[in-house]
Student: 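Below you will find the structure I want to go over with you.
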Amino acid sequence: MKFTIVHFQPIEKYPPTMNWLNYLKDKKLNVRVLTMRPGIEFTNFSTSSKEIQIKRFGSLSDQRSFFRYLNYFIFYIRATWDLIVHRPKTVMYYETLSALPAIIYKKIFNKGSRLLVHYHEYTSPIEYQQGMKLNKWGHQLEKKTYPLYSWISHTNSERMKHFIEDDKLTTEGNLNIFPNYPPLIWQKKQEKPIPGSAFRFVYVGALSLDTMFTKEFAEWIIGQEGKATWDIYSTNITEDSKKYLASLKGGFIRFHGGVDYFSLPGVLESYDAGVILYKGHIPNYVYNAPNKLFEYWACDLDVWFPENMKGSMPFVNTKSYPKIIAMNFEHLNDVNLDAVTNRSGLQYGASKFYCERIFDNVAKKGLGLNS
C-alpha cells in the first residue's frame, strides 16, 4: 500500500514522527515523507529502509520574509505534485501548515483516498485568528473538510476536548488520541542506583527565560549549595538564556548544547531527575503532557513539572519511584530537596508508556492494516 506523510516542519525536530517512521519500516508499506530540510544543527534522519523515502522541499533556515514565503510556495507546489504523481491510498499530514497539499489531493485528485491528520500541538481559536494568515486560512479549509477525514488525533484527551469545543465537532467517530511516548528500547533493564551526594537534574529541549521557569529553577539549584546540580542539553536556546547561564557562578549548572535524540537514553542514565519548565503562557503548554515527561520516566528519572500543566497532572505519582511530581516553580524555596527525593518505603515502578502499542492502533485504525 502506498502511504504518504506530509510534514511541513523538518521531521528531525519531532522525535515522535521519527519513532513512527522507524515503526513503519517493518510494515509492508511504500512510504513517502514530504518535509523540509533541517538546519545545520541537525543530521538528516533516515530509517535505512528502501521502502521509506524522505523527500525534502525547501528549507526554513532563512528567516527573511520573502524567502520564507517562497519556501512555503515551493513546498506546497512540490508536495501537491508528488501526491498527484505517486497517488497514495492514504495521506497523513501533521499540523495545519501541512494541510493544503493533502486536502487538495483528497478533494480533487483522489476522492477515494484516506485522509489523516495529527496535531503535535494544540492551537486555540485566538491563536489561529491572530497568527500567520496562512495558518488561519489553512484551518478554515480544514474545518470544512473534517467530515471527510478517516483519522484526526491530538496527543492527549485535554487537548482533544478543547479541539472538539473550538471547532464544534459533532461526530467523534474519527477522533483519536495519539500520545508522544518513546520506543520500548528505551526501557531500562534494571533499576537505577540510589542517588549520590549531589542530586543530578537534567533538562532537554528548547529553553527560554520568558516562557519557562529557567531563572527560578537556576536560582533554586544555586541555593542548594552543591546538594543538587543541573545539566542542560538544547539546540534551541534564546540568546538571553545563553547569556544568563554563562553569567552564573559556582559550577552547579552546565550547558552542553544539543544531543542527538537517539543518543538520549545513554545521556539520561547519568541523572536522577528530569525537569519540565513551561510557564503555560498559551493553552498548548497548559494542556500538555510533553514527550520529555515520558522520555525521562522511561530512563528511570524522577520528573518535576510545573503544577499549571493540567495535561500532565494525571501522571503524578509519589507512591513509588521514579516519582512524577507537580511543583510550584514560583515557590521553590519551600521545597525540601531531601524530603522530595526520599525513597524510603517506596517500591520501584517502571514506566509503562511506550509507543509501539499506540502505533499498532494507528496502523490498524488509521491505515487499515491488520497487523
Student: Tell me the closest heavy-atom pair linking E127 and T123, and the distance in Å.
Tutor: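 That would be CB-CG2, 3.7 Å.
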Student: Can we call the ring centroids of F217 and F201 under 6.0 Å apart?
Tutor: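 When the ring centroids of F217 and F201 are compared, they turn out to be within the sub-6.0 Å range.
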Student: Flag the pair Y348 / Y321 as yes when their ring centroid distance falls below 6.0 Å, and as no otherwise.
Tutor: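 Yes; Y321 has its ring centre under 6.0 Å from that of Y348.
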Student: Check the orientation of F8 and Y72. Use parallel for under 30°, tilted for 30 to 60°, and perpendicular for over 60°.
Tutor: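 Answer is tilted, since the angle falls between 30° and 60°.
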Student: For I253 versus L248, what's the shortest heavy-atom pair and its separation?
Tutor: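 Where I253 meets L248 most closely, the heavy atoms are CD1-CD1, 3.6 Å.
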Student: If you measure from NZ on K352 to CH2 on W297, what distance do you get to the nearest 0.5 Å?
Tutor: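 Nearest 0.5 Å value for the NZ-CH2 distance: 9.0 Å.
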Student: Indicate yes or no: at least one non-hydrogen side-chain atom of Y105 is less than 4.5 angstrom from one of P88.
Tutor: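 Yes, their side chains come closer than 4.5 Å.
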Student: Measure the spacing between OG1 of T155 and CZ of F178 and express it to the nearest 0.5 Å.
Tutor: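 Taking OG1 in T155 and CZ in F178, the distance rounds to 10.5 Å.
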Student: Quick check: do L116 and R114 have side-chain heavy atoms less than 4.5 Å from each other?
Tutor: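 Yes; the side chains approach each other to less than 4.5 Å.
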Student: Between F305 and F315 (judged by ring centroids, cut-off 6.0 Å), do the two rings come close enough to count as a pair?
Tutor: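 Distance test on ring centres: not under 6.0 Å, no.
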Student: Please verify the inter-ring angle class for F163 with H154; under 30° counts as parallel, over 60° as perpendicular, anything in between as tilted.
Tutor: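 Geometry flag for H154 against F163: tilted rings.
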Student: Could you state the interatomic distance from OH (Y278) to CE (M212), rounded to the nearest 0.5 Å?
Tutor: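 Y278 atom OH to M212 atom CE measures 5.0 Å (nearest 0.5 Å).
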Student: Rounded to the nearest 0.5 Å, how far apart are OG of S351 and CD of E295?
Tutor: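 Separation between the atoms: 11.0 Å.
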Student: Show me the pairs that pass side-chain hydrogen bond (donor to acceptor under 3.5 Å, both in side chains) and involve residues 74-87, at least two apart or across chains.
Tutor: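 Pairs touching residues 74-87 that pass the test: R32-D82, R32-H86.
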Student: Does any N or O in the side chain of T211 come within less than 3.5 Å of the main-chain N or O of G280, such that one atom is a donor and the other an acceptor?
Tutor: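 Checked: no pair found.
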Student: Between the side chain of Y203 and the main-chain N/O of A206, is any donor-acceptor distance below 3.5 Å?
Tutor: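 Confirmed, Y203 side chain pairs with A206 backbone.
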Student: Take T214 and I232 through the side-chain contact (heavy atoms from CB on, under 4.5 Å) test and state the conclusion after the steps.
Tutor: CA-CA 11 Å; T214 305; I232 300 164; 5.8 Å; no
Student: Quick check: does any side chain N or O of N336 sit under 3.5 Å from a backbone N or O of D334, one acting as donor and the other as acceptor?
Tutor: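 Not a single qualifying donor-acceptor pair exists.
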Student: Using modelled atom types and a 3.5 Å cut-off, is there a donor and acceptor pairing between side-chain atoms of T47 and backbone atoms of N22?
Tutor: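 Side chain of T47 to backbone of N22: no pair is present.
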Student: Treat each ILVMFWY residue as a node, draw an edge where side-chain heavy atoms are under 4.5 Å apart, and state whether I177 and L175 are in one component.
Tutor: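 Shared cluster, yes.
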Student: Determine, step by step, whether Y14 and N180 satisfy the side-chain contact (heavy atoms from CB on, under 4.5 Å) criterion, reporting the C-alpha distance in whole Å, the side-chain angles of both residues, the deciding distance to 0.1 Å, and the verdict.
Tutor: CA-CA 10 Å; Y14 296 87; N180 292 337; over 6 Å; no
Student: Cut-off 3.5 Å, side chains only: do Y261 and N291 have a donor facing an acceptor?
Tutor: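 No, N291 and Y261 have no side-chain donor paired with an acceptor closer than 3.5 Å.
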Student: To check you understand the geometry: which heavy-atom pair defines the closest contact between H139 and T96, and what is its length?
Tutor: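 Result for this residue pair: N-CG2, 3.4 Å.
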Student: Could you walk me through whether H281 and D210 satisfy the side chain to side chain donor-acceptor pair (under 3.5 Å) test, starting with their C-alpha distance in whole Å, then the side-chain angles of each, then the deciding distance to 0.1 Å, before giving a yes or no?
Tutor: CA-CA 9 Å; H281 65 293; D210 295 331; over 6 Å; no
Student: Taking the six-membered ring of Y244 (Phe, Tyr or Trp), confirm whether the NZ or CZ of K215 is under 6.0 Å from its centre and within 45° of its axis.
Tutor: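 Satisfied, under 6.0 Å and within 45°.
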Student: Give me the atom names and distance for the closest heavy-atom approach of H118 to S153.
Tutor: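 The answer is ND1-OG, 2.7 Å.
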Student: Side chains of W186 and L264: does their closest heavy-atom pair fall under 4.5 Å?
Tutor: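 Answer yes - side chains close enough.
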Student: Between I276 and Y296, is there a side-chain heavy-atom distance shorter than 4.5 Å?
Tutor: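 They are in contact (side-chain heavy atoms under 4.5 Å apart), so the answer is yes.
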Student: Is the closest side-chain heavy-atom distance between F359 and N19 below 4.5 Å?
Tutor: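 The answer is yes, as the side chains (C-beta and beyond) meet within the 4.5 Å cut-off.
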Student: Minimum heavy-atom separation for L346 and K323, please, with both atom names.
Tutor: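 Closest pair (atom of L346, atom of K323, distance): CD1-CE, 3.4 Å.
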Student: Counting distance only, does the side-chain N/O of W220 pair as donor-acceptor with the main-chain N or O of L332 below 3.5 Å?
Tutor: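 Confirmed, W220 side chain pairs with L332 backbone.
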Student: Tell me, with the steps shown, if S98 and E95 meet side chain to side chain donor-acceptor pair (under 3.5 Å).
Tutor: CA-CA 6 Å; S98 307; E95 301 292 354; over 6 Å; no
Student: Taking the side chain from D272 and the backbone from R200, do they hold a donor-acceptor pair closer than 3.5 Å?
Tutor: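 Checked: pair present.
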Student: Decide side chain to side chain donor-acceptor pair (under 3.5 Å) for D231 and Y271; before the verdict, give the C-alpha distance in whole Å, the side-chain angles of both, and the deciding distance to 0.1 Å.
Tutor: CA-CA 9 Å; D231 284 22; Y271 299 95; 2.7 Å; yes
Student: Does a donor on one side chain and an acceptor on the other come within less than 3.5 Å for Y23 and D360?
Tutor: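 Per modelled atom types, Y23 and D360 side chains form a pair under 3.5 Å.
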Student: Would you say L21 and F45 make side-chain contact, with heavy atoms under 4.5 Å?
Tutor: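 Touching, per the 4.5 Å side-chain cut-off.
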Student: Verify, without hydrogens or angle tests, whether Q187 (side chain) and L184 (backbone) share a donor-acceptor contact under 3.5 angstrom.
Tutor: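 Not at all, since once roles are kept as given, no pair shorter than 3.5 Å links the two residues.
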Student: Can you measure from NZ (K27) to CE (M1) and round to the nearest 0.5 angstrom?
Tutor: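 Result: 11.5 Å between the selected atoms.
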Student: If we check side chain to side chain donor-acceptor pair (under 3.5 Å) with N288, which of these qualifies: E121, R159, K310?
Tutor: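 Considering E121, R159, K310, a side chain to side chain donor-acceptor pair (under 3.5 Å) with N288 is found only for R159.
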Student: Does K227 reach the main-chain N or O of A198 with its side chain, forming a donor-acceptor pair under 3.5 Å?
Tutor: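 The answer is no, because no donor-acceptor pair under 3.5 Å joins these two groups.
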Student: Quick one: is the NZ or CZ of K279 closer than 6.0 Å to the six-membered ring centre of F213, and within 45° of its axis?
Tutor: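 Flagged: K279 positioned over aromatic ring of F213.
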Student: Sequence neighbours excluded, which residues qualify as side chain to side chain contact (heavy atoms under 4.5 Å, CB included) partners of E158?
Tutor: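 Residues passing side chain to side chain contact (heavy atoms under 4.5 Å, CB included) with E158: N156, H162, Y287.
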Student: Would you check if L115 and K107 make a side-chain contact, meaning some heavy-atom pair closer than 4.5 Å?
Tutor: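 No. Closest side-chain heavy atoms not under 4.5 Å.
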Student: With no hydrogens and no angle check, is any side-chain donor or acceptor of R357 less than 3.5 Å from a backbone partner on Y354?
Tutor: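 Side chain of R357 to backbone of Y354: no pair is present.
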Student: So, for W230 and W304, is the gap between ring centers shorter than 6.0 Å?
Tutor: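 When the ring centroids of W230 and W304 are compared, they turn out to be at least 6.0 Å apart.
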Student: Has the side chain of K106 got a donor or acceptor atom that lies under 3.5 Å from a matching backbone atom of S113?
Tutor: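 At least one qualifying donor-acceptor pair exists.
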Student: What are the two closest heavy atoms between M36 and S59, and how far apart are they?
Tutor: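 Here M36 and S59 meet closest at SD-N, 3.4 Å.
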